[in-house]
Amino acid sequence: MKHLNTISRSLIEQWLTEIEQLNLSGSLPRYIPQLAQVDPRHMGIYAKSLERPGDGWGESYVPLMSVIKPFVLLYALEQFGLGKIKTMVGDLPSDLPYNSVEQLRVDGGFPRNPMINSGAIALCSHFPGTTGIEKCEQFCNWLNDYGQTQLFLDRQLLASVESLPNVINQNLTELLAQSGYLGSSEAVALDTYQRVCCLSSSLEDLVQLGLGLIDSQAKIQSEHQLWVTELIRTCGLYEYSRDFSRLVELPTKSGVSGVLLSLVPQQGAIAIYSPRLDSTGNSVVGMALLKRIAAYLQD
């Protein structure tokens, strides 16, 4: 297996040229006005190994959206322990889309995994703090300390999210409450979740967070590292996760902003931003580029 350090900028640019026509496919998420208005040609990438300084170019600061979910899980694990978390959320891949109310109903109100909306809403509801503001701030502060990063709440994005109430997420939250899986009121749970998803960072900071999941010297419990990484692999790309893991041995989490975080086990991490999404909610160009990176590393 080749090393991440051997991937040059010129090689990345060559791959991007090969797949540039893909950026004409896919679509922007219309249910969040700010994300629907971005320039679909924007692109960014950052990669870093455990041993060397990273390198990247293009778009820098990006909304994390669902890419934050592995770290929601990590924070909850560090707060409550693995045994308690397993009573709050499952670890099985979802057969239906990431925001499926039907999936939650089929599972009796128990969120199938933490990488879909129901699971993340449930975990956010149990965060320390009383209000959504407190819960999100404490989480953000913990995350910045853990990763030595500078994540921040994008207040304009939060206002955009709140401008078009998400009825599906409201229905998920109501069903979680009825099933007894919320640790706070429905309003606080949903507010916390929306704030957490509106955290933003540089791609460099996102990679830094990812490195903590593969670094044996990281200041988090090793069983938590392993569990989060495995759930990224099996659930990080929603219903496409199984097929992707057969093709690409890089645990990857996506977000509807067009961001991808991919872990290169025992080597490093890669963050990619390209906003057009496929029908599953994953970045079209980002996924194609990751497949080329993986093929190169596995050659």
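We use all heavy atoms of the structure for the numbers below, so side chains are in, but hydrogens, waters and symmetry mates are not.
Listed for the Ser283 side chain is a donor-acceptor partner under 3.5 Å among the backbone atoms of Ser274. A side-chain donor-acceptor contact under 3.5 Å links Asn23 to the backbone of Pro40. At distances below 3.5 Å, not a single donor-acceptor pair connects side-chain atoms of Arg112 with backbone N or O atoms of Ser94. A distance-only check finds no donor-acceptor pair linking the side chain of Asp215 to the backbone of Leu211 [under 3.5 Å]. Side chain of Asn282 to main chain of Ser254: no donor-acceptor pair is present (N/O by atom type, distance under 3.5 Å, no hydrogens or angles). Although no hydrogens or angles enter the test, the distance criterion places no donor-acceptor pair under 3.5 Å between the side chain of Glu59 and the main chain of His42. A donor-acceptor pair is defined here as one N or O able to donate and one able to accept, closer than 3.5 Å; such a pair exists between the side chain of Gln225 and the backbone of Gly212. Side-chain N or O atoms of Ser49 include none that pairs as donor or acceptor with a backbone N or O of Gln267 at under 3.5 Å. Using modelled atom types, one side-chain atom of Asn113 and one backbone atom of Leu92 make a donor-acceptor pair closer than 3.5 Å. Proximity of a side-chain donor or acceptor of Ser100 to a complementary backbone N or O of Pro97 within less than 3.5 Å is not detected.
The shortest side-chain heavy-atom distance between Leu213 and Ile232 falls under the 4.5 Å cut-off. Looking only at side-chain heavy atoms (C-beta outward), Pro29 and Leu277 come within less than 4.5 Å of each other. The shortest side-chain heavy-atom distance between Asp205 and Leu209 does not fall under the 4.5 Å cut-off. Inter-residue side-chain proximity for Ser200 and Tyr61 is flagged as unmet; no heavy-atom pair is nearer than 4.5 Å. Between Ile116 and Pro111, every side-chain heavy-atom pair lies at or beyond the 4.5 Å cut-off. Contact annotation: the side chain of Phe139 approaches that of Val72 to within less than 4.5 Å [non-hydrogen atoms, C-beta and beyond]. Taking the side chain as every heavy atom from C-beta outward, Trp57 and Ile12 approach each other to under 4.5 Å. The shortest distance between side-chain heavy atoms of Leu297 and Ile7 falls below 4.5 Å.
To the nearest 0.5 Å, atom CE of residue Met43 and atom CZ of residue Arg276 are 14.0 Å apart. The distance from the OG atom of Ser202 to the CZ atom of Phe152 is 9.0 Å, given to the nearest 0.5 Å. Atoms CE and CZ, from Met287 and Arg292 in turn, are 13.0 Å apart once rounded to the nearest 0.5 Å. Remark: Leu143 CG to Leu151 CG distance equals 5.5 Å, nearest 0.5 Å. The OG1 atom of Thr173 lies 7.5 Å from the CD atom of Gln170; values are rounded to the nearest 0.5 Å. Between Tyr193 atom OH and Leu172 atom CG the span is 8.5 Å, to the nearest 0.5 Å.
Residues satisfying the side chain to side chain contact (heavy atoms under 4.5 Å, CB included) criterion with Ser8, sequence neighbours excluded, are Ser10, Leu11. Listed by chain and residue number, Asp154, Gln156, Leu157, Ser160 satisfy the side chain to side chain contact (heavy atoms under 4.5 Å, CB included) test with Gln34 (two or more places apart in sequence, or in another chain). For Val188, the side chain to side chain contact (heavy atoms under 4.5 Å, CB included) test picks out Lys135, Ser184, Ser185, Thr192, with sequence neighbours left out.
Counted within 6.0 Å of CD on Gln150, heavy atoms from surrounding residues, nucleotides or ligands total 12 or fewer; the atom is thus considered open. Taking a 6.0 Å sphere around CZ of Arg155, one finds it holds 12 or fewer heavy atoms contributed by other residues, nucleotides or ligands. Glu102 CD: 12 or fewer foreign heavy atoms inside a 6.0 Å radius. By the neighbour-count criterion of 12 heavy atoms within 6.0 Å, atom CD of Glu162 is densely surrounded, having more than that number from other residues, nucleotides or ligands.
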Show the atom names and distances, to 0.1 Å, of all donor-acceptor pairs under 3.5 Å that link a side chain in residues 76-86 to residues at least two apart or in another chain.
{"unit_1": "Glu78", "atom_1": "OE2", "unit_2": "Gln221", "atom_2": "N", "d": "3.2"}
{"unit_1": "Glu78", "atom_1": "OE2", "unit_2": "His224", "atom_2": "ND1", "d": "2.6"}

Atom pairs and distances, donor-acceptor, side-chain atoms in residues 123-130, under 3.5 Å, two or more places apart:
{"unit_1": "Ser125", "atom_1": "OG", "unit_2": "Ala122", "atom_2": "O", "d": "2.6"}
{"unit_1": "Ser125", "atom_1": "OG", "unit_2": "Gly183", "atom_2": "N", "d": "2.8"}
{"unit_1": "His126", "atom_1": "NE2", "unit_2": "Tyr181", "atom_2": "O", "d": "3.4"}
{"unit_1": "His126", "atom_1": "NE2", "unit_2": "Gly183", "atom_2": "N", "d": "3.4"}

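A continuous path of hydrophobic side-chain contacts links Leu22 to Ile293 [ILVMFWY only; heavy atoms under 4.5 Å]. When hydrophobic clusters are built by joining Ile, Leu, Val, Met, Phe, Trp and Tyr residues whose side-chain heavy atoms come closer than 4.5 Å, directly or via intermediates, Leu261 is not grouped with Leu237. The hydrophobic cluster containing Ile45 does not contain Val67, counting ILVMFWY residues as joined when their side-chain heavy atoms lie under 4.5 angstrom apart, directly or transitively. Hydrophobic clustering, with ILVMFWY side chains joined whenever heavy atoms are under 4.5 angstrom apart, keeps Ile214 apart from Leu260. Follow the hydrophobic side-chain contacts under 4.5 Å out from Phe71 and you never reach Val256; the two are in separate clusters.
Under 3.5 Å, the side chains of Gln14 and Glu18 contain a donor-acceptor pair of N or O atoms.
Taking all atoms of both residues into account, the shortest heavy-atom contact from Gly109 to Leu176 is O-CD2, 3.5 Å. Here the closest heavy-atom approach between residue Gly26 and residue Val284 is recorded as CA-CG2, 3.9 Å. For Pro114 against Val89, the heavy-atom pair with the smallest separation is N-CG2, 3.6 Å. Taking each heavy atom of Gln298 and Leu247 in turn, the nearest pair found is OE1-O, 4.2 Å.
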The test is side-chain contact (heavy atoms from CB on, under 4.5 Å); show your working for Cys140 and Leu199 and say whether it passes. CA-CA 8 Å; Cys140 187; Leu199 292 176; 4.0 Å; yes
Which is it for Glu239 and Thr280 under the side-chain contact (heavy atoms from CB on, under 4.5 Å) test, yes or no, and what are the steps along the way? CA-CA 7 Å; Glu239 63 267 39; Thr280 311; 3.7 Å; yes
Can you list the steps and then say if Leu263 with Thr252 is a side-chain contact (heavy atoms from CB on, under 4.5 Å)? CA-CA 6 Å; Leu263 308 179; Thr252 299; over 6 Å; no
Would you sort out whether Asn166 and Leu190 count as a side-chain contact (heavy atoms from CB on, under 4.5 Å), showing the intermediate values? CA-CA 10 Å; Asn166 191 316; Leu190 191 55; over 6 Å; no
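In the hydrophobic clustering, Leu164 connects to no other residue, as no ILVMFWY side-chain heavy atoms lie under 4.5 Å from its own.
The aromatic ring centroids of Tyr296 and Trp15 lie less than 6.0 Å from each other.
For the side chain to side chain contact (heavy atoms under 4.5 Å, CB included) criterion with Lys69, the lone passing option out of Leu231, Asn117, Val228 is Asn117.
A cation-pi arrangement is absent between Lys219 and Tyr146, since the terminal nitrogen or guanidinium carbon is not both under 6.0 Å from the aromatic centre and inside a 45° cone about the axis.
Between Arg233 and Glu230 there is a salt bridge, with a side-chain nitrogen of the basic residue lying less than 4.0 Å from a carboxylate oxygen of the acidic one.
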